[in-house]
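Data first, discussion second: the structure below is written as structure tokens.
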Amino acid sequence: MVSTAYAVAASVQDPELPQLTLADLGILRAVHEDGDTVTATITPTYSGCPAMREISADLVHRLKQAGYREVSVRTQLSPAWTSDWITEAGRAKLAEAGIAPPHAAPNRTAPVPLTLTARPRIACPHCGSARTTQTAQFSGTACKSLHRCDDCREPFEHVKAI
């Protein structure tokens, strides 16, 4: 059974990807409720993520609005977040917003092989074409890159696989 506190925390929007909730993004790790005291545990998408302060403040605000007197937010760094934690609903929301969701993240337990093959193409979230070009390694945030579709010519962002 999902607690009321978990439901409230899970519905908080990510400040950098507002179409996603913390649950969609997979960064909400746990919510412990004890009477009117709540502790929410979150994991940043990457070390030093500037949105963590805003996410924590939003969690505290929303949980206090829901009637919880004592609210604390813990940051859990291990295991590290991976883009594989984005839910299927979150991936669909990204695509609906014109942002290409990430491919499967690399296997972190195996050595990373050096390959000279091309990286997988990022499909255009507007028309579905795989004929796309990366135009910038970084977008408005470090976790996204900029691309343009060679067919429909629309620009779009892509959430990087981590």
Side-chain angles (χ1 to χ4, degrees), residues 6 8-31 39-63 72-115 117-162:
Y6 185 89
V8 169
S11 70
V12 171
Q13 293 174 293
D14 179 76
E16 294 177 337
L17 295 166
Q19 57 276 64
L20 299 184
T21 65
L22 301 186
D24 291 332
L25 192 53
I27 67 169
L28 183 63
R29 301 298 299 278
V31 177
T39 301
T41 304
I42 55 178
T43 296
T45 55
Y46 67 94
S47 180
C49 175
M52 290 301 287
R53 185 176 316 188
E54 186 69 27
I55 291 168
S56 294
D58 288 348
L59 277 167
V60 169
H61 176 74
R62 292 281 305 279
L63 287 163
S72 62
V73 178
R74 291 182 52 236
T75 301
Q76 181 177 331
L77 300 177
S78 181
W81 180 87
T82 168
S83 51
D84 289 340
W85 293 1
I86 300 174
T87 65
E88 286 304 314
R91 291 170 188 278
K93 289 176 184 179
L94 286 170
E96 288 170 14
I99 301 171
H103 293 296
N107 181 349
R108 294 173 187 235
T109 59
V112 177
L114 176 61
T115 60
T117 58
R119 293 182 178 170
R121 289 284 188 157
I122 307 302
C124 174
H126 303 290
C127 72
S129 173
R131 290 180 8 93
T132 61
T133 303
Q134 181 175 319
T135 59
Q137 179 68 30
F138 299 103
S139 179
T141 62
C143 60
K144 294 184 287 184
S145 55
L146 289 175
H147 299 258
R148 178 176 302 279
C149 180
D150 297 335
D151 288 332
C152 74
R153 306 298 300 158
E154 288 293 323
F156 63 93
E157 292 180 300
H158 165 67
V159 176
K160 299 174 188 174
I162 298 176

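No hydrogens, no waters, no symmetry mates; every other heavy atom, side chains included, goes into these values.
- Of all heavy-atom pairs spanning Gly128 and Ala123, the tightest one is O-CB, 4.1 Å.
- Between the side chains of Glu157 and Ser139, at least one donor N or O sits under 3.5 Å from an acceptor N or O.
- A heavy-atom distance below 4.5 Å is not found between the side chains of Val159 and Pro101.
- Atom CG of Leu146 and atom CZ of Phe138 lie 11.0 Å apart (nearest 0.5 Å).
- Using modelled atom types, one finds a donor on one side chain and an acceptor on the other under 3.5 Å when comparing Arg74 with Thr41.
- The shortest heavy-atom contact between Ile86 and Pro102 is CD1-CG, 3.9 Å.
- His158 contributes no side-chain N or O that, together with a main-chain N or O of Ser145, makes up a donor-acceptor pair within less than 3.5 Å.
- Within the 3.5 Å criterion, the main-chain N or O of Ala80 finds no donor-acceptor partner in the side chain of Ser78.
- Counting heavy atoms from C-beta on, the side chains of Thr135 and His147 never come closer than 4.5 Å.
- Lys160 contributes atom NZ, which lies 11.0 Å from atom CD1 of Ile122 (distance to the nearest 0.5 angstrom).
- Listed by first and then second residue, the side-chain hydrogen bond (donor to acceptor under 3.5 Å, both in side chains) pairs involving residues 86-102 are Asp24-Lys93 (not counting sequence neighbours).
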N/O donor-acceptor pairs under 3.5 Å from side chains in residues 148-156, not counting sequence neighbours:
| unit_1 | atom_1 | unit_2 | atom_2 | d |
| --- | --- | --- | --- | --- |
| Arg148 | NH1 | Arg153 | O | 2.7 |
| Asp150 | OD1 | Thr133 | OG1 | 3.0 |
| Asp150 | OD2 | Thr133 | OG1 | 3.2 |
| Asp151 | OD1 | Arg131 | NE | 2.8 |
| Asp151 | OD1 | Arg131 | NH2 | 3.1 |
| Asp151 | OD2 | Ser129 | OG | 2.5 |

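- Judged by distance alone, the side chain of Arg62 and the main-chain N or O of Ala9 form no donor-acceptor pair under 3.5 Å.
- Judged by distance alone, the side chains of Ser11 and Thr21 never bring a donor and an acceptor atom under 3.5 Å apart.
- Residues Thr75 and Thr43 have side chains not in contact (no heavy-atom distance under 4.5 Å, counting atoms from C-beta outward).
- Atoms CG and SG, on Leu25 and Cys143 in that order, are 8.0 Å from each other to the nearest 0.5 Å.
- Using a 4.5 Å cut-off on side-chain heavy atoms (C-beta onward), Leu59 and Val8 make no contact.
- Rounding to the nearest 0.5 Å gives a distance of 3.5 Å between CZ of Arg29 and CH2 of Trp85.
- Within the 4.5 Å cutoff, the side chain of Gln13 has no heavy atoms near those of the Asp58 side chain.
- In this structure, the side chains of Pro44 and Leu77 come closer than 4.5 Å at one or more pairs of heavy atoms.
- Counting only heavy atoms from C-beta outward, the side chains of Leu22 and Ile55 approach each other to under 4.5 Å.
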